[in-house]
Amino acid sequence: MNRLLLVRYGEIALKGKNRPFFEKKLLQNIRYSLKGLEPFEVLFQRGRYFVKISTENLSSAQRRLQRVFGIVSISTVTQSNLDLDEICRNALETVKEIYNPGMTFKVNTRRANKKFPYTSPEVSSAVGAYLLKSNLNLKVDVHHPDTIIYIDIRGKKAYLYSRVIQGLGGLPVGVAGRGLLLLSGGIDSPVAGWLALKRGVEIETLHFHSPPFTGEGAVNKVRDLCRTLSSYGGKITLHLAPFTEIQKELRLNCPETMVITLMRRAMFRIAERLAIKKNIPVLFTGESLGQVASQTLENIVAINAVTNIPVLRPLIGFDKEEIINIARKINSYSISIRPFEDCCTLFVPRHPVTRPQLKELEKAEESIPLEELIDRCLENIESTIINSGHERSERGQADAEK
Ligand code: ATP
Ligand code: MG
């Protein structure tokens, strides 16, 4: 049988003049997601994509496409010549794949090619009659069938399928520009990154670690989180920023209750500088209003006060339970709950300030050489490109030794 994957998109069809740009991006992303399953061919025809791929790679390809944003649904289709007998035979093969004795069915035909000499109802009833005459135990039920056999007659072919598998929806990654995600090892920020990808934002990630207090396990965890995100968003650059020195200075010289807020302010300053250097216009974080003491509205304002570029917080109105549900669905949860210390879970004060005063924060920052520390942190950032399959270090050496 001549089997293909039919890939449908939704929201991007609405984008007017930008439509060709969206369609091209989605085509690139589909091709990228299938890397390693060669040989394959992706064709764009009349607002849908067809993937030609070997039978043994068909189900892996389908699983990968279920992670490509912009795709609304996928079907494995059988391609048939425009010949009613051949269509009937292919319909029978399609039914056999999902057959249960006694199952009910209905045939649903659409005929975009009006040159085909039979009308849609004629095709449906011819195919229905053929299926009933077969040696399978089938019944017709036009109201609540167990399965629907779809026959789509367009151009020079007919396409037959019975299953429609849901895709993720959203927009193709890359159509909405780029963002820098502050990625901790926690549950929230990977979900925030996934939501950014979902709306078409290509992300780079920035993680602060505090060696030797945070070990290799914590860094591996973040790499694995990036790998998971990259299975949805293509390759992702991870920037690892050394935060030990800043953390020590804050601990030694500033009031304990303010340390978390001061650490976040330092992170945001560094993130902004890196974003500007990389020509990235926005930051993303996993903050959710009121979730912990450092995420009160007052703290968010105090932390935000140090940056000029927009900070987007996709989880701001989410409950923890809702975030965990998404984390489970996208497979980041089991990585996030690995028990490695994050730089912020070290030295956490028992009672962090919930209503920080900007003047006091600024005064505390004056007691350390903040600019110098930030410069040094930025100079020592290590950047790695992470793929769901393989990864390559821009600095080469440092990573090759690990
Ligand atoms: P998460 O589960 O994402 O860690 P959280 O609920 O634990 O979130 P916080 O630890 O207060 O919240 O962090 C708030 C946000 O600050 C995180 O979602 C993340 O965007 C950023 N952040 C925190 N720690 C780090 C870190 N070590 N490196 C990079 N970003 C961080
Ligand atoms: Mg955290």
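Nothing fancy with the numbering, it's 1 onward along the sequence. Indexing begins at 1, ligand by ligand and atom by atom, following the structure's order.
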Mind checking whether [X] has an N or O less than 3.5 Å away from an N or O of ligand 1?
X: Phe208; answer: yes
X: Pro190; answer: no
X: Gly286; answer: yes

Can you give the donor-acceptor pairs under 3.5 Å from side chains of residues 296-319 to other protein atoms, not counting sequence neighbours?
{"residue": "Thr296", "atom": "OG1", "partner": "Asn299", "partner atom": "N", "Å": "3.1"}
{"residue": "Thr296", "atom": "OG1", "partner": "Thr354", "partner atom": "O", "Å": "2.9"}
{"residue": "Glu298", "atom": "OE2", "partner": "Arg355", "partner atom": "NH1", "Å": "3.3"}
{"residue": "Asn299", "atom": "OD1", "partner": "Thr261", "partner atom": "OG1", "Å": "2.7"}
{"residue": "Asn299", "atom": "ND2", "partner": "Ala293", "partner atom": "O", "Å": "3.1"}
{"residue": "Asn299", "atom": "ND2", "partner": "Val353", "partner atom": "O", "Å": "2.9"}
{"residue": "Asn304", "atom": "OD1", "partner": "Arg313", "partner atom": "NH1", "Å": "3.4"}
{"residue": "Asn304", "atom": "OD1", "partner": "Arg313", "partner atom": "NH2", "Å": "2.8"}
{"residue": "Thr307", "atom": "OG1", "partner": "Asn304", "partner atom": "O", "Å": "3.1"}
{"residue": "Arg313", "atom": "NE", "partner": "Glu287", "partner atom": "OE1", "Å": "2.7"}
{"residue": "Arg313", "atom": "NH1", "partner": "Val311", "partner atom": "O", "Å": "3.4"}

State the atoms of ligand 1, each with its element, that fall below the 4.0 Å cut-off from a heavy-atom position in [X].
X: Gly186; result: 1 (P), 2 (O), 4 (O)
X: Leu206; result: 29 (C)
X: Gln295; result: 5 (P), 6 (O), 9 (P), 11 (O), 12 (O), 13 (O), 14 (C)
X: Thr285; result: 20 (O)
X: Ile187; result: 2 (O)

Practice task
Answer yes if the ring centres of Phe284 and Trp194 are under 6.0 angstrom apart, and no otherwise.
Solution key: no
Exercise for the section: With sequence neighbours left out, write down each residue that passes salt bridge (charged side-chain N to carboxylate O under 4.0 Å, His left out) with Glu202, or none if nothing qualifies. Expected result: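 Listed in chain order: nothing, the list is empty.
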Practice task
Between Ile260 and ligand 1, find which residue part has any heavy-atom pair under 4.0 Å and reply side chain, backbone, both or neither.
Solution key: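 Neither part.
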Exercise for the section: Among Asp141, Ile98, Val140, find the residue that satisfies the side-chain contact (heavy atoms from CB on, under 4.5 Å) test when tested with Phe105. Expected result: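 Of Asp141, Ile98, Val140, side-chain contact (heavy atoms from CB on, under 4.5 Å) with Phe105 is met by Val140 alone.
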Exercise for the section: Using non-hydrogen atoms of the residue, decide whether Arg264 is closer than 4.0 angstrom to ligand 1. Expected result: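 Contact present.
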Practice task
Let me see the working for Phe50 and Tyr159 under ring-ring contact (aromatic ring centres under 6.0 Å, His included), right down to the final yes or no.
Solution key: CA-CA 11 Å; Phe50 287 99; Tyr159 302 93; 4.7 Å; yes
Problem - Arg328 NZ/CZ over Tyr333 ring centroid, <6.0 Å and within 45° of normal - result: yes
Exercise for the section: Assess the side chains of Ser184 and Ser189: does a donor N or O sit below 3.5 Å from an acceptor N or O? Expected result: yes
